[in-house]
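Quick notes on the structure that follows.
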Amino acid sequence: MTDAHTAGPFIAAIDQGTTSSRCIVFDRDGRIVSVDQKEHEQIFPRPGWVEHDANEIWANVQEVVAGAVAKAGITRDDIKAIGITNQRETTLVWDRHTGEPVHNAIVWQDTRTDALCRELARNVGQDRFRRETGLPLASYFAGPKARWLLDNVDGLRERAEAGDLLFGTMDTWVIWNLTGGVDGGRHVTDVTNASRTLLMNLHTMRWDERICESIGVPAQMLPEIRSSAEVYGEIRGGRLGELLGGVPVASALGDQQAALFGQTCFSEGETKSTYGTGTFMVMNTGDKLINSYSGLLTTVGYQIGDAKPVYALEGSIAVTGSLVQWMRDQMGLISTAAEIETLALSVEDNGGAYFVPAFSGLFAPYWRSDARGVIAGLTRYVTKAHLARAVLEATAWQTREIADAMTKDSGVELAALKVDGGMTSNNLLMQTLSDFLDAPVVRPMVAETTCLGAAYAAGLAVGFWNSTDDLRANWRRAAEWTPRMDAATRDREYKNWLKAVERTMGWIADEG
Ligand SMILES: Nc1ncnc2c1ncn2[C@@H]1O[C@H](COP(=O)(O)OP(=O)(O)O)[C@@H](O)[C@H]1O
Ligand SMILES: O=P(O)(O)OC[C@H](O)CO
């Protein structure tokens, strides 16, 4: 991967993701110099529960940083800063004296706090959470996960109240370890990650005492909230201390916000959508904190140093790429993810079938945990090729529903959608997306927008890049799709999709 024409200095970025950790070294033009990546175990102790071993993750992070540095053939003097981006919401509590996690990390997909969230909604009400934190009460977010740990691990609440325990999302865990761990590691998070806890007040960018109290998380264990681009500390101690001691740790952004940054969506109204296991569409809303009435999340896009925070609206879709995996692994209808395109292209249309993959309920814009998956419109005519089309269309329609909600909430029509992630290699899907959105869809040259965003923020913090204009100049289009579908067909198909969505609701009794 090393590019012989690339000269230093460089910025490194760590992406601590849901399935793997990776480190990428970038040059001043935002080009990739080297990559190293390692998967970690997905732990499923019970149906609906998903955990990660935080020690394994920290070991992997050290390994991939060392790996990327070695592949680039560079030393600490060549690296001006390191940035962090991470799977959001995944929650960890550890002992500040020993550095040992008290339990596995509870992953964002984990639904064990469903009942707790329903109870909080009954006792405290949804509105207050929405108003102050921008989020609906849902098991997706970090605060209730921390409360679950305090309620379910012996002696934890007492230790938390005594100030012996630290809470963090994965940015916090990685930064604390990078900057010295038990030996003075910095206990910080950034505004984007804090905005996914249900504990931060979006108006003040501080922990909201009343909300922390109603969820039941003691303030003593919470990290300091900092901007997304500033020096939090330096790499110190351990294996990475030897290799990169003194390198500033200079950014933290939740991975979807990092992708917004890496896609250089710096102006109000600019929107990106990342197509991986799930899909996350994020629109920059500038200095406007827009309360969503359409089922979106209000969140922080980024904050560069002392500048004002930039807000965003987000539509999160739980199942997109994972539906393609399901067709491959559970149904055996394809043998690789890429085959879904060939199969879908063997027919003209969906043959009347619509597939709503509400496997674990529906995220945005519905937030219904009582929904379950449905294939509607089946007749004897439908083949596996039609189903392949319906699978791809499901991703495109779910995006369309979120785009509509964003227009409703923000008053801004989507001018174009910047895309990234594994599914964007599917041309049919990208064309379908443009058709359903009736807007251009564009993909950049550097598909690793998440790491790139973290690198950009770290580079800005240490003056490696001077302004967001420098970064914009690095963005290059690799591909563009424009709408080809007539309006009548689009409207008819959209109505059918919405009818299919209705049929998913209320499948699980006594939830919602
Ligand atoms: N050609 C393709 N067509 C449709 N889906 C694809 C294709 N290639 C990969 N995928 C899907 O994209 C996902 C992987 O994308 P990636 O961005 O690596 O995800 P994540 O970062 O969430 O792990 C998988 O769920 C896979 O099924
Ligand atoms: O690690 P990813 O790419 O699956 O992203 C997870 C999201 O941050 C969850 O909110």
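Remember, it's 1-based here, ligands and their atoms both numbered in the order they're listed. Worth knowing before you read on, the calculation uses all heavy atoms, side chains too, and leaves out hydrogens, waters and symmetry mates.
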With only distance considered, is Q87 within less than 3.5 Å of ligand 2 through an N or O on each side?
-> no

Look only at interatomic distance and state if Y140 has a nitrogen or oxygen under 3.5 Å from any nitrogen or oxygen of ligand 2.
-> yes

Charged N to carboxylate O under 4.0 angstrom, [X] versus [Y]?
X    : Y    : answer
R400 : D404 : yes
R226 : E224 : yes
D36  : K71  : yes

Does [X] make a cation-pi contact with [Y], if we ask for NZ or CZ under 6.0 Å from the ring centre and within 45° of the axis?
X    : Y    : answer
K418 : W475 : yes
R112 : W148 : yes
R88  : F280 : yes

Which of parallel (below 30°), tilted (30 to 60°) and perpendicular (above 60°) describes F355 and F359?
-> perpendicular

What orientation do W108 and F363 show, parallel under 30°, tilted 30 to 60°, or perpendicular over 60°?
-> perpendicular

For S139 against T111, the heavy-atom pair lying closest together | OG-CA, 3.8 Å

Quick one: closest heavy-atom pair of V107 and Q87, and the distance?
-> CG1-OE1, 4.0 Å

Separation of S195 OG from N201 CG (nearest 0.5 Å) = 12.0 Å

In Å and rounded to the nearest 0.5 Å, what is the CG to CD1 distance from L178 to I82?
-> 6.0 Å

Shortest protein heavy-atom distance from [atom], along with the residue and atom involved:
atom                    : value
atom 4 (C) of ligand 1  : N426 ND2, 3.6 Å
atom 2 (C) of ligand 1  : A337 O, 3.9 Å
atom 24 (C) of ligand 1 : Q325 NE2, 3.3 Å
atom 5 (O) of ligand 2  : D255 OD2, 2.7 Å
atom 26 (C) of ligand 1 : G321 O, 4.0 Å
atom 1 (O) of ligand 2  : T18 OG1, 2.7 Å

Check if E341 has a non-hydrogen atom at a distance under 4.0 Å from any atom of ligand 1.
-> no

Going by heavy atoms, is G17 under 4.0 Å from ligand 1?
-> no

Looking at T19, which atoms of ligand 1 are within less than 4.0 Å of one of its heavy atoms?
-> 23 (O)

Quick note on ligand 1: atoms under 4.0 Å from a heavy atom of G421 include exactly 17 (O)

In ligand 2, the atoms that come under 4.0 Å of a heavy atom of Q256 are 5 (O)

Can you list the atoms of ligand 2 that are under 4.0 Å from a heavy atom of G17?
-> 1 (O)

Side chains of Q431 and D435: donor-acceptor distance under 3.5 Å anywhere?
-> yes

Answer with side chain, backbone, both or neither: which part of E89 has a heavy atom less than 4.0 angstrom from an atom of ligand 2?
-> side chain

So is there a nitrogen or oxygen of [X] less than 3.5 Å from a nitrogen or oxygen in ligand 1?
X    : value
G276 : no
T277 : yes
I340 : no

Protein heavy atom under 4.0 angstrom of atom 21 (O) of ligand 1, is there one?
-> no

Is there at least one protein heavy-atom neighbour under 4.0 Å from atom 18 (O) of ligand 1?
-> no

Is the distance between the ring centroids of W58 and W173 less than 6.0 Å?
-> no

Counting heavy atoms only, which part of S322 comes closer than 4.0 Å to ligand 1: side chain, backbone, both or neither?
-> backbone

Going by heavy-atom distance to atom 11 (C) of ligand 1, choose the closest among E448, M430, R328, M423.
-> M423

Nearest non-hydrogen atom to atom 9 (C) of ligand 1 belongs to which of G422, S425, A338, S20?
-> G422

Does ligand 2 have an atom that lies less than 4.0 angstrom from a heavy atom of T277?
-> no

